[in-house]
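For reference, the structure is listed below as structure tokens.
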Amino acid sequence: MSTLLYSYPSSNPHLIKDLELERHIEGGYFRQTSIYDEKVPSPLAGNESRPLATTIYYLLTADEPRGYFHRNKSHTMHVLHQGRARYTLINPRPSDATGKWTPEMTYATMGENQEAEETRQLFVAGGVWKMSTIPDEDLNLVKESKAKGEKVGCLISEVVTPGFVWQDHEWMTMDTLKELFKDAENGEEMIEKLSKFVRPVE
């Protein structure tokens, strides 16, 4: 007998087909749905010209359950449509008075269960590293055949302002990860824990 984890009215195969989603290089599936023609100077990208805003659908599934660490110069608002995903955010704060680098890590779960402190909207500021994944507990239920894989995932919209362009995008590398946590008290542990979310070098 399968468990219904949350409201998931459209299955993943239907979402991919109906929304015309494609595999995303970051992991998961996506489709850009709008790009505003109006251009503005972006204060987050040296006042270079950028679209006012861009939007995409983004889907994680039980088969494509994670996105790799990356960051963008622009701000991104994430809006939930259905499902659940867990976000890890790393704010690379400047060195403290001792000259040591101490990144600030926060976690958020996009979902409908407010009692569990899940959120339907998530704002990520430009320059913050982010990674998203279907929670392990949800994936484990699929592996144990206690939940249907086609009904486990997370569909969101992302609104990027100023709009997304690839030259404002940056992948995290292992060198970046090691640099971020080199002075942290539990640095080696965090590097080992987070390394699987660094995109493999092609």
*Report the C-alpha distance between Glu144 and Lys146 in whole Å, list the side-chain angles of each, state the deciding distance to 0.1 Å, and finish with yes or no for salt bridge (Lys or Arg N to Asp or Glu O under 4.0 Å).*
CA-CA 5 Å; Glu144 296 167 3; Lys146 295 179 180 179; 3.5 Å; yes
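- Each salt bridge (Lys or Arg N to Asp or Glu O under 4.0 Å) pair with one or both residues in residues 4-27, not counting sequence neighbours, appears once here: Arg23-Glu64.
- Arg86 is linked by a side-chain hydrogen bond (donor to acceptor under 3.5 Å, both in side chains) to Thr109, Glu137, counting only residues two or more places apart in sequence or in another chain.
- For the pair Asn140 (side chain) and Asp136 (backbone), a donor-acceptor distance under 3.5 Å is present.
- Here the side chains of Met110 and His78 are in contact, with some heavy-atom distance below 4.5 Å.
- A donor-acceptor contact closer than 3.5 angstrom links the side chains of His81 and Ser157.
- For the atom pair NZ (Lys143) and CG (Leu139), the distance works out to 6.5 Å, reported to the nearest 0.5 Å.
- No donor-acceptor pair under 3.5 Å is formed between the side chain of Thr133 and the backbone N or O of Pro135.
- Between Ala53 and Thr161, the closest heavy-atom pair is CB-CG2, 3.7 Å.
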*Could you walk me through whether Ser132 and Arg66 pass side chain to side chain contact (heavy atoms under 4.5 Å, CB included), step by step?*
CA-CA 6 Å; Ser132 59; Arg66 72 176 62 162; over 6 Å; no
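- A distance of 8.5 Å separates OG in Ser11 from CD1 in Ile16, rounded to the nearest 0.5 Å.
- The list of salt bridge (Lys or Arg N to Asp or Glu O under 4.0 Å) pairs with a residue in residues 32-41, not counting sequence neighbours, is empty.
- Using a 4.5 Å cut-off between side-chain heavy atoms of Ile, Leu, Val, Met, Phe, Trp and Tyr, with links allowed through other members, Leu19 and Ile156 fall into the same hydrophobic cluster.
- By the 4.5 Å heavy-atom criterion applied to side chains, Val198 and Tyr68 are not counted as neighbours.
- Every residue meeting the side-chain hydrogen bond (donor to acceptor under 3.5 Å, both in side chains) condition with Glu48, not counting sequence neighbours, appears here in chain and number order: Arg50.
- Listed by first and then second residue, the ring-ring contact (aromatic ring centres under 6.0 Å, His included) pairs involving residues 23-49 are His24-Phe30, His24-Tyr58 (not counting sequence neighbours).
- For the pair Cys154/Leu59, no side-chain contact is recorded, criterion being any heavy-atom separation below 4.5 Å from C-beta on.
- The backbone N or O of Met131 lies less than 3.5 Å from no partner atom in the side chain of Thr88, so there is not a single donor-acceptor pair.
- Residues Gly163 and Ser74 share a closest heavy-atom pair of O-OG, 4.0 Å.
- Residues that satisfy the side-chain hydrogen bond (donor to acceptor under 3.5 Å, both in side chains) test with Asn12, not counting sequence neighbours, are Tyr8.
- The two residues Ser7 and Gln82 come nearest to each other via the heavy atoms O-CB, 4.0 Å.
- Scanning both residues, Pro65 and Leu60, for their nearest heavy atoms gives O-CD1, 3.8 Å.
- Linking ILVMFWY side-chain heavy atoms closer than 4.5 Å, directly or via other members, places Tyr57 and Val159 in two distinct hydrophobic clusters.
- Qualifying side-chain hydrogen bond (donor to acceptor under 3.5 Å, both in side chains) partners for Glu158, counting only residues two or more places apart in sequence or in other chains: none.
- No path of Ile, Leu, Val, Met, Phe, Trp and Tyr side chains, each step under 4.5 Å between heavy atoms, connects Val124 with Met77, placing them in separate hydrophobic clusters.
- Rounded to the nearest 0.5 Å, atoms CG (Leu177) and CD (Glu192) are 11.0 Å apart.
- In this structure, Phe181 CZ and Lys193 NZ are separated by 9.5 Å, a value rounded to the nearest 0.5 Å.
- For the side chain to side chain contact (heavy atoms under 4.5 Å, CB included) test, residues two or more places apart in sequence or in another chain that qualify with Lys178 are Met174, Ile191.
- The minimum heavy-atom distance between Lys151 and Pro9, with the atom names listed, is NZ-O, 3.4 Å.
- Met172 has its side chain out of reach of Arg199: every pair of non-hydrogen atoms, C-beta onward, lies at least 4.5 Å apart.
- If you check the side chains of Thr55 and Ser34, you find a donor sitting under 3.5 Å from an acceptor.
- Under the 4.5 Å side-chain criterion, counting only non-hydrogen atoms from C-beta, Phe69 is not in contact with Leu89.
- Residues Val128 and Arg71 are not in side-chain contact: their nearest non-hydrogen atoms beyond the backbone lie 4.5 Å or more apart.
- The shortest distance between side-chain heavy atoms of Pro92 and Leu180 falls below 4.5 Å.
- Among residue pairs with one or both ends in residues 4-15, none qualify as salt bridge (Lys or Arg N to Asp or Glu O under 4.0 Å); sequence neighbours excluded.
- Within the structure, every pair that satisfies the side-chain hydrogen bond (donor to acceptor under 3.5 Å, both in side chains) test and touches residues 110-120, not counting sequence neighbours, is listed here: Arg84-Glu118.
- In this structure, Leu44 is not a member of the same hydrophobic cluster as Leu52, with clusters built from ILVMFWY side-chain heavy atoms closer than 4.5 Å.
- Distance OG1/Thr61 to CG/Leu155: 11.5 Å, rounded to 0.5 Å.
- For the side chain to side chain contact (heavy atoms under 4.5 Å, CB included) test, residues two or more places apart in sequence or in another chain that qualify with Thr54 are Gln32, Ile35, Pro51, Val160, Phe164.
- Applying the ring-ring contact (aromatic ring centres under 6.0 Å, His included) definition to pairs two or more places apart or across chains, those involving residues 102-146 are His75-Phe123.
- Across Leu122 and Ala108, no two heavy atoms sit closer than the pair CD1-CB, 3.9 Å.
- A distance of 7.0 Å separates CE in Met190 from CD1 in Ile90, rounded to the nearest 0.5 Å.
- Using a 4.5 Å heavy-atom cutoff, the side chains of Val152 and Ile134 are in contact.
- Atom NE2 of His169 sits in a crowded spot, with more than 12 heavy atoms from other residues, nucleotides or ligands closer than 6.0 Å.
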